[in-house]
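Start at 1 and go down the list; that is how both ligands and their atoms are numbered. What's counted below: heavy atoms across the whole structure, side chains too, no hydrogens, waters or symmetry copies. These figures come from a predicted structure and were not determined experimentally.
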Amino acid sequence: MKLRDRVVIGFCLSLVLVTVLFVVDLQNENDRRLRAAVDVDADAPLGVGLHGRSRPDVPNVWDAAESPTLTPAFEYRSRPQPPPPRRPSAPQPYVPASNDYYRTPVADPYADDRFDDLTELLSVPQFVPHHGKVVDWTVVTDVIVDDTSVDGTISNEYIAEYLESGSRPNMTELTIFHTRISKREMYPENDTYVPSILKKMSSLPIVSVAQKEGGTQIKLVIEYLNGDKALMKPMRFSRDQQTLPNHFYFTDYERHNAEIAAFHLDRILGFRRAMPVSGRLVNITSELMAQVTASDLLKTFFVSPDKNMCFHGQCSYYCDTSHAVCGNPDTLEGSFAAYLPSQEVLERKTWRHPWRRSYHKRKKARWEIDPNYCEVIRNVPPYRTGRRLLDIMDLSVFDFLMGNMDRHHYETFTLFGNDSFPIHLDHGRAFGKAFHDELSILAPVIQCCHIRRITLEKLLRFHNGKKLSEHMRESMADDPLSPILWEPHLVALDRRVGFVLQKIRECMLVNAESNEETENEYIPRKKQPMNISSTELNDLQLEGKTTGSKRLKIE
Ligand SMILES: Nc1ncnc2c1ncn2[C@@H]1O[C@H](COP(=O)(O)OP(=O)(O)OP(=O)(O)O)[C@@H](O)[C@H]1O
Ligand SMILES: [Mn+2]
């Protein structure tokens, strides 16, 4: 072979080799991109890459649209993955992913601020001058209000005193609990009935299952062997599933673990205005379906294509095959809230929350556009006198800490009149966004600039001493479904305590600014009474016994 031929053949061979290497490299690059895209869309801008979907390992409602079998998105695909999990879905440890819209850690701006100014204020009597019941809120300008009476208690009355239902033979813990509900609180501090009610709700045999009328989502009324009842909300998501960014608060699904956590939070904050709630693992087939007698509920039970047991019930928004609740294969977590006394025994009134959101995708509520809105509210009953305005402040702190934007109505026990506590009910939409602090939930506190002294003291203790998250962890540890909250939600609780304290500090400073002529920087400002139209007044008045979907129109 001539030298020239050898050179040509050599050149051709090296050309082939280079081409082969190029093709192999291209394939690797494609694989890498594909993996990156499936992983978390590592380089995508915030909120764009996932298009409303969460990581592929998290069961997600949006996957339903893409699933070839059209199985309900929130069912647990247990097979073929041995060994089966103890529960449908134990929360996974939190591993922050970079550039992840849903999991971007947020800074805690008040972590190193001890709020010594607020602590000092509490020790100076002139800054917390009010003692006992407020008779006219239109003239109260103090930020920190102490509505306990001189001996440190608020006047109290018990249901038993009214109903003469003292002790009867064969009363269950829950019925005894009912007779001890008071004008001031649902149960006393360190109540011994609460732990036994929680235990019974998670263990007693279930003898009857029915659907709870009203409301937007499926809830079951559970009856136990001893005759007690509970309101069950079923699990739909794993604990780290967050509210989807394009969902309004009113289209968010309810979370059973939020109901459980809210009961513990309410108790730890010292409000004790919520009914006890326990988690429980149930068998859909033997404990729920077998105990259903109503055919309209029974006919909604079915086996999914993945052989999981499901049901959807009948309700106004999310009760159809594509929004079914599914077990693994028939094991399901749920929250069980101890039942309130029946309305025949103890009637309740439903009130429209003055800082209710609009529940309309384009309209705003008046409080969102009128910074003086509180001056309207403090003029009208039942907020003009007594404890209710401070209860609304407590409720706002409670909801802000857990990120609950769904406080459209609240209920009170009619028997106790207006100077009684609002029942803390319905927290299924709390704990939805661990990395976002929704300050608008604090609007009542920000606009009225009032806080109950004992609530402020509690918050300061949580901030500077044993953390709120620690109290929560301890309190929820005994629940059968523990751990109840995904870790970032516990972190958020501690962070949000600082935000509330900061808003109280700002209220004190605003007062000082509007009283510049005075020597003392913390003398509160004067408030202007404001007129209210009859329509606004009507809107705020009690709404009788209408419940659930009848009272809440989502537009
Ligand atoms: N523990 C309880 N015992 C008895 N009744 C209860 C209990 N909790 C709630 N209810 C009643 O059931 C109604 C609906 O409950 P809840 O508000 O939790 O459900 P929901 O589906 O979230 O309702 P909505 O869609 O109106 O927010 C409440 O307004 C209340 O009247
Ligand atoms: Mn609700």
Side-chain angles (χ1 to χ4, degrees), residues 172 174-175 177-178 181 186-187 194 197-198 200-201 210-224 227-236 243 247-263 266-267 272-280 312-319 323 325 334-353 356-357 359 395 399 402-414 422-432 542-555:
T172 64
L174 183 56
T175 44
F177 177 97
H178 285 162
I181 295 175
M186 198 71 92
Y187 54 93
V194 170
I197 288 169
L198 292 174
K200 291 255 159 81
M201 286 194 298
Q211 198 169 301
K212 173 92 176 107
E213 299 301 323
T216 49
Q217 301 183 31
I218 174 93
K219 295 170 293 294
L220 299 174
V221 181
I222 302 291
E223 199 178 322
Y224 296 103
D228 285 346
K229 285 187 189 167
L231 188 70
M232 181 204 172
K233 292 195 179 180
M235 169 169 176
R236 284 185 179 276
T243 305
H247 267 199
F248 287 98
Y249 42 89
F250 50 79
T251 47
D252 195 14
Y253 293 105
E254 307 239 339
R255 287 168 285 274
H256 72 309
N257 63 320
E259 292 281 0
I260 303 168
F263 152 67
D266 168 85
R267 185 169 63 168
R272 295 186 296 279
R273 296 168 202 157
M275 287 300 276
V277 185
S278 172
R280 175 172 178 158
H312 58 69
Q314 283 162 343
C315 60
S316 45
Y317 289 86
Y318 304 118
C319 290
H323 295 100
V325 174
S335 67
F336 291 71
Y339 227 65
L340 287 158
S342 92
Q343 296 252 33
E344 279 93 65
V345 177
L346 191 65
E347 200 192 338
R348 303 192 298 275
K349 277 179 188 169
T350 304
W351 304 77
R352 176 184 274 243
H353 192 289
R356 175 189 198 266
R357 284 166 200 276
Y359 290 80
L395 196 50
D399 283 338
M402 58 183 179
N404 179 27
M405 300 172 80
D406 191 33
R407 190 70 68 182
H408 43 88
H409 288 79
Y410 66 88
E411 298 179 25
T412 58
F413 294 114
T414 318
I423 306 168
H424 290 180
L425 278 182
D426 189 11
H427 309 116
R429 287 187 176 125
F431 296 104
L542 54 149
E543 302 209 339
K545 281 202 252 172
T546 45
T547 52
S549 56
K550 269 187 248 129
R551 63 175 195 216
L552 184 64
K553 190 157 169 266
I554 294 172
E555 292 166 288

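The distance from ligand 1 to the heavy atoms of Lys233 drops below 4.0 Å at these ligand atoms: 16 (P), 18 (O), 19 (O), 22 (O).
Any N or O atom pair closer than 3.5 Å counts here, and Leu425 shares no such pair with ligand 1. The distance criterion of under 3.5 Å between nitrogen or oxygen atoms is not met by Arg429 with respect to ligand 1. Annotation: Glu259 places no N or O atom under 3.5 Å from an N or O atom of ligand 1; distance criterion only. At least one N/O-N/O distance between Leu340 and ligand 1 falls below 3.5 Å.
The N, O or S atom of Glu254 lying closest to the Mn ion (ligand 2) is OE2. Atom OD2 is the N, O or S atom of Asp426 at the shortest distance from the Mn ion (ligand 2).
Contact annotation: for Ala230 versus ligand 1, there are no heavy atoms closer than 4.0 Å. Only the side chain of Leu231 comes within 4.0 Å of ligand 1, judged by heavy-atom distances. Only the side chain of Glu411 comes within 4.0 Å of ligand 1, counting heavy atoms alone; its backbone N, CA, C and O stay farther away. By the criterion of a heavy-atom distance under 4.0 Å, neither the backbone nor the side chain of His409 is placed next to ligand 1. Looking at Asp426 against ligand 1, both its backbone and its side chain come within 4.0 Å, counting heavy atoms. For Lys212, every heavy-atom contact with ligand 1 shorter than 4.0 Å involves the side chain, none the backbone.
Taking 4.0 Å as the cut-off, His408 counts as a neighbour of ligand 1 on heavy-atom distance. Assignment of Ala338 to the shell around ligand 1 is supported, since a heavy atom sits closer than 4.0 Å. By the 4.0 Å heavy-atom criterion, His427 is excluded from the residues contacting ligand 1.
A search for ring pair (Phe, Tyr, Trp, His ring centres under 6.0 Å) contacts involving Tyr318 returns Tyr253, His323, not counting sequence neighbours. Every side chain to side chain contact (heavy atoms under 4.5 Å, CB included) that Asp252 has, sequence neighbours left out, goes to Thr243, Arg255, Arg429.
We find the CZ-CZ distance between Arg273 and Phe263 to be 14.5 Å, quoted to the nearest 0.5 Å. Atom-to-atom distance recorded for Tyr187:OH and Met275:CE is 10.0 Å, nearest 0.5 angstrom.
The main-chain N or O of Met232 is never found under 3.5 Å from a side-chain atom of His256 such that the two would form a donor-acceptor pair.
Here the shortest heavy-atom pairing between Ala430 and Asn404 reads CB-CB, 3.8 Å. Nearest heavy-atom pair, Arg280 versus Met201, reported as atom, atom and distance to 0.1 Å: NH1-O, 3.1 Å. Residues His427 and Ala258 come closest through the heavy atom pair O-CB, 3.3 Å.
Using a 4.5 Å cut-off on side-chain heavy atoms (C-beta onward), Phe177 and Val194 make contact. Side-chain contact between Ile218 and Lys233 is absent, with no heavy atoms from C-beta onward closer than 4.5 Å.
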